[in-house]
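Structure first, commentary second.
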Amino acid sequence: RPQSESKTSCGPIHSRVRLDAPGWRSFVHVDRKTDIAPFRDAVPRHCDCSFLDRNRVVVRWGGFSVVEATLNLIDEARRTMPEVERFCLLSGADYPIRSQAEIAAAFSDGRDFMKINGELDPRGNGSHDENVRFPFWGDVGILNPRSSPVPVVERIANRVSRLLPRKPPAGFRFFHGSCWWSLTRDTVEAVLAEMEARPDLRAWFRRVKIADEIFFPSLVRCARPGLRDDARAERNLHGAHYIDWTTPNPTRPKVLELDDLGSLTRSSALFARKFDPHRSASLMEALDRRNALAEAAAFTRPVRQAQPG
């Protein structure tokens, strides 16, 4: 079961590679704008970890480039591991909050982990509806609201876009949800088959704002209309991730620190975000200790002997 990762920071990679074990493999995408060397150096030589080289993309906030990087990871994992059973997407700000054995057990029942918040109206006025309704040019550097070197140009482009409502693809339903997920091979294959059957979708999504929060939830919902979403029953649970959007400090989602340890250990999540290499250092150490004890217990648990009857 590979971890397919899109990385923005190499701090937490030291612990995630501890998931390296028979049956696990990590595939890492590093933004093409970023030097890949520190990421390679952070991975111990014994770990089964592959970095994308020829198909790295320039990733910009909110752009389809985020989706493209993820699809490249999936393609590489499928090409090199045809026997793969599960795909788990993590970022450089994520961290495992359960042991290797606990994660493997949770993944063993064939469930898909993805939070889907609800259906979007491509003609509606909600914030997520408008991400579909109006064109977004975030993958053009000068037009990206987070990184434009000429903000006035970006603001003008944004105003113009609101004069150009888009016609949605015929018969396609849009859903908004979490962009961090863990999907079975069957579901990933169904998503890719839908993409192949509808080549217009990829081109259309290139102008969707924050496309990664809509592209995968929409296609997964299309492929798996009966998807079970346990995240609705637990606060801050987003698929297999714990993410706190309700208590910014000062950004959203919350950067997790040591005082969040209790919430994390009580959660049924397998991973959490966001972690900062400095602010979250004590929390990551505490989680490492907790996971090491859980891993040791998994290997030392006595086998129950059958009683003669």
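Here, residue 1 is the first one in the sequence, and each next residue gets the next number.
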Donor-acceptor pair, N72 side chain versus N55 backbone, under 3.5 Å?
yes
Determine the interplanar angle of the F64 and F215 rings, folded into 0 to 90°, and report it as parallel if under 30°, tilted if 30 to 60°, perpendicular if over 60°.
perpendicular
In Å, rounded to the nearest 0.5 Å, how long is the span from SG of C88 to CZ of F271?
4.0 Å
Scanning both residues in full, the closest heavy-atom pair of L89 with H241 reads O-CE1, 3.8 Å
Using only atom types and a distance under 3.5 Å, with no angle test, would you say the side chain of S65 pairs donor to acceptor with the backbone of R60?
yes
Could you report the tightest heavy-atom contact between G141 and P149, atom names first, then the distance?
O-CD, 4.1 Å
Side-chain heavy atoms under 4.5 angstrom apart, residues restricted to Ile, Leu, Val, Met, Phe, Trp, Tyr: same cluster for I103 and L90?
yes
Hey, is R25 close enough to D48 for a salt bridge, meaning N to O under 4.0 Å?
yes
Check whether any side-chain heavy atom of R252 lies under 4.5 Å from a side-chain heavy atom of K254, and answer yes or no.
no
Residue pair R133 / N125, side-chain donor-acceptor N/O under 3.5 Å
yes
At their closest point, which heavy atom of M114 faces which heavy atom of P217, and how far apart are they?
SD-CA, 3.7 Å
Distance, nearest 0.5 Å, that separates CG of L264 from CD1 of I97
5.0 Å
Please work out whether the ring planes of F174 and W204 are parallel, tilted or perpendicular, with thresholds of 30° and 60°.
tilted
Same cluster for W245 and V255 if Ile/Leu/Val/Met/Phe/Trp/Tyr side chains link at under 4.5 Å?
no
Return yes when atom CZ of R40 has more than 12 non-hydrogen atoms of other residues, nucleotides or ligands closer than 6.0 Å, and no otherwise.
yes
Do any N or O atoms from the side chain of R86 and from the backbone of R111 form a donor-acceptor pair under 3.5 angstrom?
yes
Can you tell me how far the OG atom of S91 sits from the CG atom of D212, to the nearest 0.5 Å?
10.5 Å
Between the side chains of D200 and R198, is the shortest nitrogen-to-carboxylate-oxygen separation below 4.0 Å, so that they form an ion pair?
yes
List the atom of T184, the atom of G110, and the distance in Å for their closest heavy-atom pair.
CG2-O, 3.4 Å
Between R162 and E130, does any NZ, NE, NH1 or NH2 come within less than 4.0 Å of an OD or OE carboxylate oxygen?
yes
May I ask you to check whether S50 and E76 show a side-chain donor-acceptor distance below 3.5 Å?
no
Output the distance between atom CD1 (I243) and atom CG (N236), rounded to the nearest 0.5 Å.
9.0 Å
Quickly, which of F107, W181, F87, F216 forms a ring-ring contact (aromatic ring centres under 6.0 Å, His included) with F113? Name it, please.
F107
Heavy-atom donor-acceptor pair, R221 side chain to G118 backbone, under 3.5 Å:
no
Could you please spell out the steps behind the side-chain contact (heavy atoms from CB on, under 4.5 Å) verdict for W137 and S161?
CA-CA 9 Å; W137 294 284; S161 75; 3.4 Å; yes
Centroid-centroid under 6.0 Å between F134 and F136 rings:
no
Establish whether V152 and V160 are linked, either directly or via other cluster members, by ILVMFWY side-chain heavy-atom contacts under 4.5 Å.
yes
Treating D94 as the side-chain partner and R273 as the backbone partner, does any N or O pair qualify as donor plus acceptor under 3.5 Å?
no
K115 vs L237, test: side-chain contact (heavy atoms from CB on, under 4.5 Å). Steps then yes/no.
CA-CA 8 Å; K115 182 173 184 178; L237 183 63; over 6 Å; no
Kindly indicate whether the side chain of I74, heavy atoms from C-beta on, has any atom under 4.5 Å from the side chain of V191.
no
Would you say L219 and I116 are hydrophobically clustered, going by side-chain heavy atoms of ILVMFWY under 4.5 Å?
yes
Side chain E234, main chain S268, donor-acceptor under 3.5 Å
yes
Report yes if the side chains of R206 and E68 come closer than 4.5 Å at any heavy-atom pair, otherwise no.
yes
So among E285, E102, E295, which one has a salt bridge (Lys or Arg N to Asp or Glu O under 4.0 Å) with R290?
E102
Less than 4.5 Å apart, side chain to side chain, heavy atoms only: is that true for R235 and T246?
yes
Return yes if some donor-acceptor pair links the side-chain N/O of D244 with the main-chain N/O of T247 below 3.5 Å, else return no.
yes
Close side-chain approach of I214 to L120, heavy-atom, < 4.5 Å:
yes
Side chain to side chain, C222 and R173, heavy atoms closer than 4.5 Å:
no
Taking every heavy atom of D276 against every heavy atom of M284, the minimum-distance pair comes out as O-CE, 3.9 Å
Kindly determine whether H29 and V57 satisfy side-chain contact (heavy atoms from CB on, under 4.5 Å), including the steps that lead there.
CA-CA 8 Å; H29 176 274; V57 300; 3.6 Å; yes
Spacing of S267 atom OG and D260 atom CG [to the nearest 0.5 Å]:
11.5 Å
Should L287 and L293 be counted in the same cluster of Ile, Leu, Val, Met, Phe, Trp and Tyr side chains packed under 4.5 Å apart?
no
Determine the minimum heavy-atom distance between P250 and P248, stating which atoms define it.
O-CB, 3.3 Å
Which residue, H238, H176, E213, forms the side chain to side chain donor-acceptor pair (under 3.5 Å) with N117?
H176
Under 3.5 Å: donor-acceptor pair, side chain of K209, backbone of G62
no
Measure the CD-CG distance between E196 and L201 for me, rounded to the nearest 0.5 Å.
12.5 Å
Under the criterion side-chain contact (heavy atoms from CB on, under 4.5 Å), I'd like the reasoning laid out for Y95 against L256: C-alpha separation, chi angles, the key distance, then a yes or no.
CA-CA 10 Å; Y95 208 73; L256 301 172; over 6 Å; no
Donor-acceptor pair, S280 side chain versus P277 backbone, under 3.5 Å?
no
Validation row: L283, E257 side chains within 4.5 angstrom (heavy atoms):
no
Is the shortest heavy-atom distance from the side chain of I36 to the side chain of D53 under 4.5 Å?
yes
